[in-house]
**Student:** 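Below you'll find the structure I mean.
A note on names: the letters A, B, ... follow the listed sequences, proteins ahead of strands, and every chain is numbered from 1.
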Amino acid sequence: MNEYLLGLQGRRVLFAYAIVLILFIILPALVLVPISISADDSFVIIPEAFSLRWYEQLVGDPRWRNALVLSLQVAAVASVMATIAGVLGAIGISRASPKVAKVLRLIFIAPIIVPLMVIGVGFYMLYARMRLVGSFFPLCLAHAVLVLPFVMLPVSARLYSIDKRLEWAAASLGAGPYRTIFRVQLPLLAPSIFAGFVFAFIFSFDEVVVAQFLSGPRLETLPRRMWEGIQMGGLEKTITAVTTAQLLLAVVAMLIISIWQRRSATKAVSSK
Amino acid sequence: MSTTIPNRNTLLAGFSSADWESQRRRVTAVLLILPVVMMTLLFLVPLGYLLWLSFGGPAGFSLNAYKQLSAPFYINLALFTLQLAFLVTIACAVIAYPLAYMLANIENTLSRLVVLGLVISLWLSVLARTYSWIIILQRNGVVNNMLQWMGITDGPLSLVYNQTGVYIGMIHILLPYMVMTLYPTMRAIDGSLVRSALSLGATPWTAFRRIYFPLSMSGLVSGSILVFTMAIGFFVTPAILGGGSANTIVMAIQNQVQVLVDLPLAAATSIILLLVSMLILVVYEKIAGVEKIFGEGR
């Protein structure tokens, strides 16, 4: 306990406040789960009968299934590209001179600072001129740039915590520069690379603003399908199945990352 | 323990340092080729094309699009967007501050639960959370049923498809970012400073006002800049929860492209918004340093 200002009474008030806020923070996640497994069409929080029919519709109904498959493909291609470029960029920036690194950091962070709508319109107009709107690979490329910072941030953070002397030690033992990167740095970065990949995947899988411009009439991604459903009044309960599945995937990925990071942390300590 | 910790010179003994440096620089350049080319072609080029279009593009140089933007309609839209972003930022700062204080200073189950909730919320799709707020806030939703059951209100309140819904949704989505920026700053505050102020006779309020709060200020500023920037560019939440009553600049851009099909106007509006966000990024760099976001010097 490191708290001196509040006193017993004040701390009790703070705890009560935190409980209220936890409810506020997780309420939207909590509400979706029971609705997605209730059998009837209504949106009651406590269902009377359970059924997986909304999940069946997600994989059974061709329009939903196609959207789901397309979004998984786009997210996979985009996040793999972003992971490769992001890891190279993060390692490159960590080795560059301070001035160059400063400029590069500003450029590489920009995709999460500049509004998605601005980036989306920029791509849309360029792609429209090049007749690339509605094609699969250009959409993946656009998403790859959007999610690049999500890979670079965790990888950079990890890079700064790695002992710099490892690189010199590897060099003094005769490892070439690329061998040092592949055999010394990359294994140490692995958990953060995976975390970045997952962040990138989730963001791309959820992205609707840029996708609605670039997907054209033929490519309908899952968020676009959901967006349309919500604009129609949001009465399609398949949307709740999608969001619950996303929630589960996110929680599983989070558990994997935290276990992995804890493991590699204890390994680092025990090998000292 | 008398082992000397190897330093750069002992480790690299036997290498010519000039060779080592030039080879190292070459490798760094090779590493950076792909990401830099990617950012140039897929980020700087589209935005550059937008800039060119906003000044008339193929039709020749013209400031027409920018002149259109000085109409009262767009001025009001810009003012509303700034007001929305400003109020959401203030609300997030006020709500997040005690929460971050607790996470930084008290280690118990409740703190761990708060972190878990924040992370789950952060990872859940924005579209999903926005959709969920419709279900919660609608006329026969959870909140309205609860309020009526407790006898606080007679009929259902309209909480969604208006500005109330937009504020609730945006605060909910941006709150985790504020807490996560405040937390490391508060965590780094030396507790002995507060303790010595108290032992020298300061009241807890004075110690907070004169010692703790000023030390937490940098986190509050960077968190606010981050949340403000994200709030300005927010599209999904105001578009869905606002039901047409909370029109922002980004929604106007979408309208210019898809309904008005006025591409130079959309390009000019985007460029203005781009300039605003780049300006905020530069201010952030001056105040907090972008390398902090990258985890350096933490």
Side-chain angles (χ1 to χ4, degrees), chain A residues 1-5 14-15 17-18 21-22 25-29 31-32 43 45 85 88-89 91-92 95-96 105-109 111 113-118 121-123 125-126 141 145 153 156-157 160 165 168-169 171-172 177 202 206 208-209 223 226 230 234 239 243 246-247 250 254, chain B residues 8 11-12 27-28 31-32 34-35 38-39 42-43 46-47 49-50 53 98-99 102 105-106 110 113-114 117-118 120-121 123-129 131-136 142 191 194-195 198 204 207-208 229 233 235 240 250 253 257 263 266 270 273-274 277 281 290 293-296:
Chain A
M1 196 82 78
N2 202 11
E3 205 286 306
Y4 308 101
L5 290 171
L14 185 64
F15 291 161
Y17 176 77
L21 270 184
I22 290 181
I25 290 165
I26 60 168
L27 186 64
V31 160
L32 291 169
F43 282 81
I45 307 293
L88 290 175
I91 299 178
R95 301 162 59 108
R105 272 194 210 107
L106 277 175
I107 295 175
F108 280 110
I109 195 79
I113 302 289
V114 177
L116 284 175
M117 184 63 74
V118 173
V121 170
F123 269 112
M125 294 187 179
L126 192 66
L141 282 175
V145 166
L153 294 180
S156 295
Y160 287 114
R165 288 181 310 228
W168 306 329
S172 77
I202 288 178
D206 181 37
V208 67
V209 180
M226 287 164 68
I230 292 172
I239 301 171
T243 50
Q246 270 175 306
L247 177 66
M254 197 170 80
Chain B
R8 199 185 158 120
L11 283 172
L12 296 177
V27 174
T28 305
L31 290 172
L32 282 170
L34 176 76
M38 193 167 146
M39 282 306 287
L42 296 170
F43 189 73
L47 294 180
Y49 185 66
L50 216 50
L53 271 184
L99 209 56
M102 187 176 107
N105 295 303
I106 301 173
L110 195 58
L113 280 177
V114 172
L118 286 171
I120 287 179
S121 176
W123 280 45
L124 187 57
S125 116
V126 173
L127 209 51
R129 275 182 280 169
Y131 178 63
S132 190
W133 278 114
I134 298 181
I135 299 174
I136 297 167
V142 193
V194 174
R195 253 176 304 163
L198 291 175
F208 172 76
T229 323
F235 175 72
I240 292 177
V250 282
I253 297 177
V257 176
L263 299 189
S270 301
L273 200 54
L274 176 68
S277 47
L281 184 59
V290 167
I293 314 179
F294 284 81
E296 194 182 358

**Student:** Do B/Leu127 and A/Thr243 come close enough that some side-chain heavy atom pair is under 4.5 Å?
**Tutor:**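 Counting from C-beta outward, B/Leu127 and A/Thr243 never come under 4.5 Å.
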**Student:** What part of B/Met39 is in contact with chain A, defined as an atom under 4.5 angstrom from a non-hydrogen atom: side chain, backbone, both or neither?
**Tutor:**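 The answer is the side chain of B/Met39.
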**Student:** Does any part of the side chain of A/Leu32, heavy atoms only, come nearer than 4.5 Å to the side chain of B/Tyr131, both counted from C-beta?
**Tutor:**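 Counting from C-beta outward, B/Tyr131 and A/Leu32 do come under 4.5 Å.
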**Student:** Drop me the distance from A/Arg105's CZ to A/Leu153's CG, to the nearest 0.5 angstrom.
**Tutor:**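 One finds 11.0 Å between CZ of A/Arg105 and CG of A/Leu153.
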**Student:** By side chain to side chain donor-acceptor pair (under 3.5 Å), which residues pair with B/Ser132, not counting sequence neighbours?
**Tutor:**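 None.
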**Student:** For chain A, which candidate among B/Ser121, B/Gly233, B/Ser270 shows the most heavy-atom pairs at distances under 4.5 Å?
**Tutor:**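 That would be B/Ser270.
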**Student:** According to ring pair (Phe, Tyr, Trp, His ring centres under 6.0 Å), who are the partners of B/Tyr49, at least two apart in sequence or on a separate chain?
**Tutor:**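 Here the qualifying residues are B/Trp52.
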**Student:** Return the minimal non-hydrogen interatomic distance between B/Thr28 and A/Arg95, and the atom names on each side.
**Tutor:**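 Closest approach of B/Thr28 to A/Arg95: OG1-NE, 3.1 Å.
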**Student:** Counting heavy-atom pairs closer than 4.5 Å to chain A, which one of B/Val194, B/Ile253, B/Thr229, B/Val257 comes out on top?
**Tutor:**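 Of the candidates given, the most pairs with chain A belong to B/Val257.
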**Student:** Among B/Val27, B/Leu118, B/Leu198, B/Leu124, which residue forms the greatest number of heavy-atom pairs with chain A at distances under 4.5 Å?
**Tutor:**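 The candidate making the most pairs under 4.5 Å is B/Val27.
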**Student:** CG of B/Leu99 to CG of A/Leu21: how many Å apart, nearest 0.5 Å?
**Tutor:**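 Rounded to the nearest 0.5 Å, the CG-CG separation comes out at 5.5 Å.
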**Student:** Mind ranking B/Pro35, B/Ser277, B/Gly117 by heavy-atom pairs under 4.5 Å with chain A and telling me who comes out on top?
**Tutor:**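 The answer is B/Pro35.
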**Student:** Please classify the contact of A/Tyr17 with chain B as side chain, backbone, both or neither, using a heavy-atom distance under 4.5 Å.
**Tutor:**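 The side chain, not the backbone.
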**Student:** Can you measure from CZ (B/Arg129) to CD1 (B/Ile120) and round to the nearest 0.5 angstrom?
**Tutor:**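 CD1 of B/Ile120 is found 11.5 Å from CZ of B/Arg129.
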**Student:** Chain B heavy atoms under 4.5 Å from A/Leu14: which part of the residue, side chain, backbone, both or neither?
**Tutor:**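 Both backbone and side chain.
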**Student:** Please flag which part of A/Leu247 lies under 4.5 Å from any non-hydrogen atom of chain B: side chain, backbone, both or neither.
**Tutor:**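 Interface part for A/Leu247: both.
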**Student:** Which atoms of A/Leu141 are under 4.5 Å from chain B, going by heavy atoms: the side chain, the backbone, both sets, or neither?
**Tutor:**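 Its backbone and side chain both get close to chain B.
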**Student:** Can you tell which of A/Leu5, A/Ile26, A/Val209 has the highest number of heavy-atom pairs within less than 4.5 Å of chain B?
**Tutor:**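 The candidate making the most pairs under 4.5 Å is A/Leu5.
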**Student:** If you count heavy-atom pairs within less than 4.5 Å of chain B, which of A/Met125, A/Gln246, A/Met254 leads?
**Tutor:**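 Option with the top pair count is A/Met125.
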**Student:** Working to the nearest 0.5 Å, report the span between CD1 of A/Ile22 and CG of A/Leu27.
**Tutor:**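 Those atoms lie 13.0 Å apart.
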**Student:** Output the option from B/Leu32, B/Leu42, B/Leu50 having the highest count of non-hydrogen pairs under 4.5 Å with chain A.
**Tutor:**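 Option with the greatest count: B/Leu42.
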**Student:** Name the member of B/Ile136, B/Leu34, B/Leu263 that forms the most heavy-atom pairs with chain A at distances under 4.5 Å.
**Tutor:**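 Looking at each option in turn, the highest pair count goes to B/Ile136.
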**Student:** Of the backbone (N, CA, C, O) and the side chain (C-beta and beyond), which part of A/Val208 lies under 4.5 Å from a heavy atom of chain B, both, or neither?
**Tutor:**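 Side chain only.
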